[in-house]
Every structure is written in C-alpha cells, then in structure tokens.
Amino acid sequence: MLRLTIDGNEIELYQNEPVNLSYQFSNLQEINASSSNFSQTFRVPLTKKNQDYFGPVNEFGLIPDWDPKTKVDAELSYNTIPVMRGFVQVKAIYVQKGKYADVELVFFGETANLSRDIGDGMLSDLDWSAYNFTWTYANVIANWQASAPALRMGFVDLGANWSFDSGATFEFPAALSAGWTSGFLQIKEVVDTILTDAGYTFDSDFLDRQTDLYMLCHKGSKFPTFETDAATENLFHVGLTSNYTATGTAWQTITAWAETGSYFDTGNNFNTTTGQFSAPYDGEYSFRFRVKIETLPTNHEFHVAVWVNGVEYADILQGEPVDLSDEATYQVDYQISLEQSDTVEVKYHFHSSSDTAILLGNGNVTNPTTSFQLLNIDFTGGTYNPGLNMPVMKQIDFIAGIQKTFNLVFIPDRNNPKHIYIEPFTDYTASGTKKDWTNKIDLSKDLAIEPTTDLQARRYEWTHSEGKDFVNELVQKNANRVYGRYRVDDPENDFASGDKTIQSPFAPFVTSYIPGTSFIIHRMLADTTDEDKSIKEPRPRLAYWNGYNSSDNYVFFGNTQNKFPDFSEYENNALSTQVSGSSLLYGTERPFRELVVSPLNTLYYQYWRPWVNELYSSDARKLTAHFRLTRAELATFEFSDKIYIKDTYWRILSISYDATSEDLAKVELIKILGDIRDCAWLPYSVDKFGQLTFENAAGTTSTTVPTSCCERYGYISTSSNECFQDTPQ
C-alpha cells in the first residue's frame, strides 16, 4: 500500500489513483536544474484529515495557513519500503459539483531539494573565519612547507604588472609588496562549507584525493583584503620640541623625541625613552626622516643613519666633510620591510670627539624641523580572512561549476537525503553492482533497440568562461574561443542537430613568467593602460598546488629564498617527465611558459570522454523495455548498476512505474562499452628533449606515430612522424 507523508503528516490517497514515478540519471548531473526525479500529477481527496493539513483551500474567500509557495519535505513509501523522498508541489484544486474537492500534486525527488536548500546565497555570505590566516613572514614560509593545508598562500599578479629589468636578485617585496600573497582555499573545504551551511553532509573519495586542488580567493583589487587597517591605526610622527646638541664619536640614538602636542603616536608603538619604533605587524613600512642642522664645524664629518634591529640600515646624512655656516635640512624617505617587533631608530656620530652640532627643534610640524615619521603601511600582516576575498559567485553556481568541470554526480543517500555522495561519472559508474535482469524482461511488450543518434548533438563544446585577463582575452580575440576549450564534432551523423555547450563558471588559470624572471605565476591583469590593471569582479579560478620547489634566488620580505611556491593549471607531476598528469583545461593548449610535457589527462579526456563514447561510438545503443521488478528492487536500484541482459551489460538511464501497483516498470538503458581508445597510439613518456614516446593497444611503444595521434594531444609532429612538446607562445 502506498503512503504519502508531507512534513510528517500522513495524507490520505485514492486507492485506485495511479502515482506514476520517474527516475532519471540526468538529474544526478544537473544539480541546479529545476527538474528532478518526479511523479506525474496525481490527485488526493480533500478529506477532513487532509484538510487539517492543507486548510480550506477549496474556499474562495478564505486564506489557508498552508503556503503553496513553500517547499516542504515529503516521502512516498510502499509497504514500509521508501520509494522517493523530496517535496510536493500543489498544482491545482478541483471542486466537483460544488461539494467534493481534490488537491492535485506533483512529487519531486531529493536532487531538487539540494538546490533549494543551498538557495541563492553568495559565497561571501558564508562564515569563512575557520580558515583565517595570521600573516607573518614565518607563517607564510611554514604554509609553503606544510602538507595540504586548507588555505595556502601564493603569488598572483593581481594588477601591479610586475616585471624585472636589472641583473640583481629579483626582490620580493622591493619589486612587489610583501602583502600581495593571495589566499587559495582547498576545493573540498569550499564544498564542505557550502553543504554544511545548507544542512548537508557528504562523502567523496574524489574530493578527498584532491588535496592539491584549490580556488583562488580574490574578488577584484590590486591587493588582497586584510582585516587590519594599519594605515590609520599605527601611524606616528615624532619630533624635537627644542634644539638637541649632538656630540661624540660612538653611535648614539636620538631619545629626545616628543609625541604630544603637534606630534602623535596613534598605535603607541614608539618608545620615547629608547627612541625606537617597534613594528606591530609584518609589513612594508614607509618612513620619512628629517634632520635640520646648524652650527656644524667646518670640514667636520657628521653621520646620521637609520638603524633596524640594532644594525645600520641606510644613511640620512652620509658623513662627508661639509662646510656649514648657517643651517641645512636633510630629508629621505625609505620603504623598509619589517617583521613584527622589529625596531627602527635614528642614530648619529662624529668622526672627531671634539665636534658638536645642533639639531633644530621648535615643536612646529608646519615649519619642518628634525623629525621621524611613519607615512604609510602598504601592508600589515594582521588576519587574512578568505571571506573578505571571496569571488562574486552564488554558492549553487560554485557547486554546479565543479560538477561541470569534473563531470560529477551527486547521489542522495536513500536512508538519509541530507547525506550525499559526490563522485566523477567515471568513478560512479565503475562502482556499480552487477545484476542479471535477463529473466525479468517482459517480452510480450515492445522492446526497442535504438542507435543513440537522437541523444547526440552535432557539436559538443567544453569550455571555461572568459577570464577578462590579458592572456585569456588575447586568445578570445585571436581565436574566438576561451583558452583550453575542447570541441567534439560529428559531421558524419546526418541526424544529429544543434550544439551543446558544457561551460564552467570558472576562468582558466593560465600561468606565464614574471617578465625578466624565471618565476611562473598567474598574471591576472586587465588589458589597460592604467597603472592599476586589476580586474573588477573576476571569475573564480581553480589551480593545482605544484609544491614549494627549488628555484632561482629571490628576496622575499628581506630574506633570500631558493624555493618558490608554485600554483598552475597543471598537476604537479605534469611538470615532470610524466605524461600521466592532470590539467585543469578541457583541451590541450600551447603553453605560455616552458613545459616538459602537456599532460594527457585534460578535463575532457579524464572525466568526460567515457560519457561521450557511450553516445558517439558506432556500437552505442539504447534499449527500452518493460521489466518485472519488485518494489524492493525498485527502491534499491542505483544508476551505477550494471544490468546484464542476455550477453550484454547496460546502464540505466531512466525508470518509470506506477507506485500504487505491482505493474511493470518501463526502463531505458544505454549499452556499457569498454574503454574505447581515443587514438590508436596514446602518449606514454617524454624524454628530456621533449620527444614523446607513444604506446598502442598491444603495449608496443614507438617514437614515430601518425600525425593525427600526435597533434590530437597538442604536440608537434615532424616530417618523419616524430612527436615533440610544443614550445611556449
């Protein structure tokens, strides 16, 4: 007997009213589609018990408590066996002879519930504080050395247009601000935060494996956003309120500074007793040092300098012999990279013990005298909150985006619809149980075996979205496509029609060199003549963490480094001599940097090709038949099941049946094909010169292969049919 409960209330049904249910595999691949597993419309009587729930919906002048716009949880079961969980929608109220009333319902399955529960919230609406990162030099280095942290820091040119022209060591942050390290959040953590907020839990072997897959947290600006506003909270300007007599050959700190009256010390970081400023955070500090001198003896040397952490850092007055009969002002500005608690002070000394000088001080900042000033802090460590840097995107669009990127399926747990399993199509279909339905088929009904031409489009295209950065725009303008696109054409099928585009909402993460260096980063620059080349509201980008790798020397935050944090569109082993790595591009592209070998496993090849083969192979078939299936079998089937019929295995596309009876079930299936080779020869290895070796189905390897098999994977074929990695463009 069929039972319907809505929000925990049992609804009385007509005994003979059919409730036809339909389950479709496509629902698992369209997480934000409006459709789902569903029933055809069916009616329930407006009995007194039902009216207790629905209210007087048949009365024109009354407004019932029940809201037809609100989705409420519902469940169908047959003799205690759960049939479908989800929600119902009221389609209409029918009144017969002015007396009897029916409520027309449609039942939708769990998949649509997930989309509903996530809702229209933005990524920035969620609480990301669990991933906050305290930015210090030591913490950043430790982050680069750590194994799979949830949040990683990395270098991305967000709009500064970094370059390097001199022959000295490339310096971070002399050329770049130290605070311009951007946060990357692990994809699994993003999914977990979204689903947890919607009230769901999940299991995913796939996401568990993706420990090096991250999303760039950036919403569009030249700098990442930090929680601390040091430019207003920690500035100071101290000066001499009266003349100061300087003397002595030993270095001495000026300790007569005043921070009251016309002067100030906003953050209380300057110690007038010691004459030292202590940095409250790691950062790039801009100082101004002014020394106004009178009555310096003729031809005597007076040296004034900035000291950092007790070590002479830079000169204010170099100590050359000067002839000063009146007065002179020496002023310099310095940007100094400081770690938290580093000290800065002004010191002086003479080269002769008998020399003295007067440092002028009159306590008036409008008439510049000797003073020490913190002008600005371009960056302070503070707290990096990924929530303040989240790209502008809906949560459901992110979930749908990774689904389209990796061809994921979302399978609700039959016993707990708030728990779902997330796996790629290839992994899910490979995990199915083998079931023999040969004797369950009803041969008295028509059995249809059809080619898959009706399921095919003339052209399929897999692509990311336009990136707005100058590299992606260059490809868009010159090739009229997004970088990394892959296209499947079927000109031989006269019956296929139309185009189908599978487009992710992410922009390609394309890496190239900082000009004049060997450092590979993502240059997220708008094609503009403006000094600020940041992209406003950029699309999210996915990237692989490639490791903290040996590199040319560079200076980061005043410290020489010989390892560099690498993010790119390629999985780490794609940067070695292995062709089996993965790429976050749908198709193979000519790179914008040196690459040992383009990996075979593009998004299309690894995640979408098996699905396409089921549709486009000449052996592809669709079977439609009726089967005698028990309600227990219908309640426990999985779309991953491998259904054996006579001598062939099939995969279920859809099942429809009347839940109120033990009648036949109509099932559509598609033939399971073995792994069809993408080409007769597949890339196997590459040598240090970039020459590819290929392997055929028999396991034979060769360095000479047909041009079609070479160029199919983005390599270059020579006149002698040898195959090489393409050079950077």
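- One distance of note links CG of L603 with OG of S583; it measures 6.0 Å at 0.5 Å rounding.
- Using a 3.5 Å distance cut-off with no hydrogens or angles, the side chains of E722 and S717 do not pair a donor with an acceptor.
- Note on ring orientation: taking the six-membered ring where Trp is involved, the planes of Y713 and F694 are tilted (angle from 30° to 60°).
- Under the 3.5 Å distance criterion, the side-chain polar atoms of W462 are left unmatched by any main-chain donor or acceptor of V488.
- Atom CD of E695 has more than 12 neighbouring heavy atoms from other residues, nucleotides or ligands inside a 6.0 Å radius.
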For a side-chain hydrogen bond (donor to acceptor under 3.5 Å, both in side chains) check, start with the C-alpha distance between T181 and W135, then their side-chain angles and the critical distance, and finish with the verdict. CA-CA 9 Å; T181 50; W135 204 104; 2.6 Å; yes
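- Aromatic rings of Y554 and F519 (six-membered ring for Trp) have centroids within the 6.0 Å cut-off, being under it.
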Taking it one step at a time, do N472 and V475 satisfy side-chain contact (heavy atoms from CB on, under 4.5 Å)? CA-CA 5 Å; N472 279 302; V475 175; 5.8 Å; no
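- Judged by distance alone, the side chain of E423 and the main-chain N or O of D205 form a donor-acceptor pair under 3.5 Å.
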Applying side-chain contact (heavy atoms from CB on, under 4.5 Å) to S598 and Q725, what does each step give before you reach the verdict? CA-CA 7 Å; S598 295; Q725 168 64 36; 3.2 Å; yes
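- With hydrogens and angles disregarded, no donor-acceptor distance shorter than 3.5 Å links the side chain of N389 to the backbone of P386.
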Check: residues 206-213 side-chain donor-acceptor pairs under 3.5 Å, at least two apart:
from, atom 1, to, atom 2, distance (Å)
D208, OD1, K188, NZ, 2.3
R209, NH2, D427, OD2, 3.1

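- Under the side chain to side chain donor-acceptor pair (under 3.5 Å) rule, D469 has a single partner from R541, R523, K533, which is R541.
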Yes or no on side-chain contact (heavy atoms from CB on, under 4.5 Å) for F724 and V686, after CA distance, side-chain angles and deciding distance? CA-CA 8 Å; F724 289 85; V686 64; over 6 Å; no
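- Side chain of N601 to main chain of S580: a donor-acceptor pair is present (N/O by atom type, distance under 3.5 Å, no hydrogens or angles).
- Taking CD1 of I535 as the reference point, atom CG of L525 lies at 7.0 Å (rounded to 0.5 Å).
- Enclosure of atom NZ in K418 by more than 12 non-hydrogen atoms of other residues, nucleotides or ligands within 6.0 angstrom is indicated.
- Using modelled atom types and a 3.5 Å distance limit, the side chains of N553 and N562 yield no donor-acceptor pair.
- With Y586 as the fixed residue, the side-chain contact (heavy atoms from CB on, under 4.5 Å) test singles out one of T405, V482, T602: T405.
- Residues Q476 and R481 have side chains not in contact (no heavy-atom distance under 4.5 Å, counting atoms from C-beta outward).
- Distance CG/L600 to OG1/T588: 7.5 Å, rounded to 0.5 Å.
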Derivation and outcome, side-chain contact (heavy atoms from CB on, under 4.5 Å), residues I411 and F639: CA-CA 9 Å; I411 309 101; F639 284 111; over 6 Å; no
Stepwise, does the ring pair (Phe, Tyr, Trp, His ring centres under 6.0 Å) test hold for Y200 with F410? CA-CA 12 Å; Y200 284 79; F410 285 61; 10.0 Å; no
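- Of the possible polar contacts, none joining the Q186 side chain to the A150 backbone as a donor-acceptor pair under 3.5 Å is found.
- Judged by distance alone, the side chain of S465 and the main-chain N or O of S504 form a donor-acceptor pair under 3.5 Å.
- Annotation: K468, atom NZ; neighbour count of heavy atoms from other residues, nucleotides and ligands within 6.0 Å is above 12.
- Between F155 and F564, the distance from one ring center to the other falls under 6.0 angstrom.
- Screening Y214, F398, F406 against I187 for a side-chain contact (heavy atoms from CB on, under 4.5 Å) leaves a single residue, F398.
- Distance alone, capped at 3.5 Å, is enough to place a donor-acceptor pair between the S431 side chain and the Y428 backbone.
- Around atom CG of D530, more than 12 heavy atoms belonging to other residues, nucleotides or ligands sit under 6.0 Å away.
- At least one donor-acceptor pair closer than 3.5 Å links the side chain of Y384 to the backbone N or O of G183.
- With rounding to the nearest 0.5 angstrom, the CD atom of Q335 is 8.5 Å from the CG atom of N376.
- Side-chain atoms of R590 come within 3.5 Å of backbone atoms of T727 as a donor-acceptor pair (strictly under, hydrogens ignored).
- Just one of H522, H218, H464 meets the ring pair (Phe, Tyr, Trp, His ring centres under 6.0 Å) condition when paired with F509; it is H522.
- Of all the heavy atoms in W611 and N407, the pair that sits closest is CB-ND2, 4.0 Å.
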Let me see the working for Y715 and D726 under side-chain hydrogen bond (donor to acceptor under 3.5 Å, both in side chains), right down to the final yes or no. CA-CA 5 Å; Y715 309 128; D726 205 350; over 6 Å; no
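- Defined by atom type and a distance below 3.5 Å, a donor-acceptor pair is present between the side-chain atoms of D413 and Y421.
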Give the intermediate values and the outcome of side-chain hydrogen bond (donor to acceptor under 3.5 Å, both in side chains) for residues N385 and T383. CA-CA 6 Å; N385 181 344; T383 299; over 6 Å; no
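- When ring centroids are compared, F556 and W144 come within the 6.0 Å threshold.
- With rounding to the nearest 0.5 Å, the separation of SG in C709 from CG in D678 is 8.5 Å.
- The backbone N or O of Y570 sits less than 3.5 Å from a side-chain atom of N546, completing a donor-acceptor pair.
- The pair E537-K219 does not meet the salt-bridge criterion, since no charged nitrogen lies less than 4.0 angstrom from a carboxylate oxygen.
- Taken to the nearest 0.5 Å, the NZ atom of K394 stands 13.5 Å off from the CD1 atom of I194.
- Heavy-atom contacts from other residues, nucleotides or ligands closer than 6.0 Å to CG of N478 number more than 12.
- Aromatic ring pairs are classed by plane angle as parallel below 30°, tilted from 30° to 60° and perpendicular above 60°; the pair W128 and Y131 is tilted.
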With side-chain hydrogen bond (donor to acceptor under 3.5 Å, both in side chains) as the criterion, how do S512 and R593 come out once you've worked through the C-alpha distance, each side chain's angles and the decisive distance to 0.1 Å? CA-CA 5 Å; S512 58; R593 30 69 73 96; over 6 Å; no
Run the numbers on Y607 and F425 for ring pair (Phe, Tyr, Trp, His ring centres under 6.0 Å), then give the verdict. CA-CA 7 Å; Y607 299 109; F425 168 85; over 10 Å; no
